[in-house]
Amino acid sequence: MKISLISTSHQKKSESSRVRNIFEEQIIKQKKDLNIFNLDFSEEDFYFWYSDNKNSICKEKWQKISEELKTSQGFVFVVPEYGGMATPIAKNFFLICNKGELAHKPGLIVSISSGNGGAYPVSELRSSSYKNTHIMWIPEQIIIRNVEQFQPGKHGLLIPAWMDKRIHYTLDLLIAYAECMKPLSKLINRKDFGNGM
Ligand SMILES: Cc1cc2nc3c(=O)[nH]c(=O)nc-3n(C[C@H](O)[C@H](O)[C@H](O)COP(=O)(O)O)c2cc1C
C-alpha cells in the first residue's frame, strides 16, 4: 500500500516539511511495509499553473506526480495557516488533481500554526476541496499549534502531552480507512460523473 505525504508550504525549509518528515517516520513505524510518496511543494518550482498545455516542463513533472498519486491509497496533507486560510498552493493542488488521483480515497488533514491558529485551513479544506477531486477527508484531523515546539519525544511546554498518542491513533485510522476503501475504486465512474454537483 502506498501513502502520499504532501507538504503545502510556500517557504523553503518550512515547518510543514519538517512536520511532513516526522509524520513519514511515524507512519512507517506503525506500518512497516508501507510505500511512501513524498511531495513537498516548497521544493518544486511550478506554483500556480493549471492548464495542461501551457507549460510543458510543468506538464511533464505533474504527469509523474499524478501517477504517484493515482497509485496511492491514502494521503496526509500538511497545510500551514496563512492569513486565516489554507495556502494558495494547497488550493491550487486541488485544481490540478483533475484526473481522479484522489478520488474516493481517505485523506488526513494536518494543520500547523506557529501561534494559536490552525483551525481555518481545516474548515476551508473540508468545505471546498472535495467537489471535483472526490477526496474523502477522514473525520479525525491533527492541529499542531506552536509548531516550532513540536518535536516528538521532547516537545516544548506548549505542545499538549497527549499529542503523540493522538497522532498515533489518527495514523492507524488513516491506514485502516485506506485498506477498507480500496474496493471503492471499482465503483468510480469518472467518465460520466467526474465532477461533483
Ligand atoms: C504569509 C503568512 C501568513 C500567516 N498567517 C497566519 C495566520 O493567519 N494564522 C496563524 O496561526 N499563523 C499564521 N502564519 C504563521 C504560520 O502558520 C507559521 O509560520 C507556520 O509555521 C508556517 O508554516 P511553513 O513554515 O510550513 O510555511 C503566517 C505565516 C505566513 C508566512
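The basis for the numbers below is simple: all heavy atoms, side chains too, and nothing from hydrogens, waters or symmetry mates. Atoms within each ligand, like the ligands themselves, are counted from 1 in listed order. Residues: numbered from 1 along the sequence shown.
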query: Who pairs with Arg18 by salt bridge (charged side-chain N to carboxylate O under 4.0 Å, His left out), at least two apart in sequence or on another chain?
result: Glu15
- prompt: Among all residues two or more places apart in sequence or in another chain, which pass the salt bridge (charged side-chain N to carboxylate O under 4.0 Å, His left out) test with Lys70?
  reply: Glu67
- prompt: Between Tyr120 and Ser111, does any side-chain donor sit less than 3.5 Å from a side-chain acceptor?
  reply: no
- prompt: When rounded to the nearest 0.5 angstrom, what distance separates CG in Leu171 from NZ in Lys29?
  reply: 11.0 Å
query: CZ of Phe41 to OG of Ser7: how many Å apart, nearest 0.5 Å?
result: 9.0 Å
Throw together a table of side-chain donor-acceptor distances under 3.5 angstrom for residues 158-165, partners on residues two or more places apart or in other chains.
{"residue": "Asp164", "atom": "OD1", "partner": "His155", "partner atom": "NE2", "Å": "2.7"}
{"residue": "Asp164", "atom": "OD2", "partner": "His155", "partner atom": "NE2", "Å": "3.4"}

message: Using a 4.0 Å cut-off on heavy atoms, what residues surround ligand 1? Order them by chain and number.
response: Ser9, Gln11, Ser14, Glu15, Ser16, Pro80, Glu81, Tyr82, Gly83, Gly84, Ile112, Ser113, Ser114, Gly117, Val147
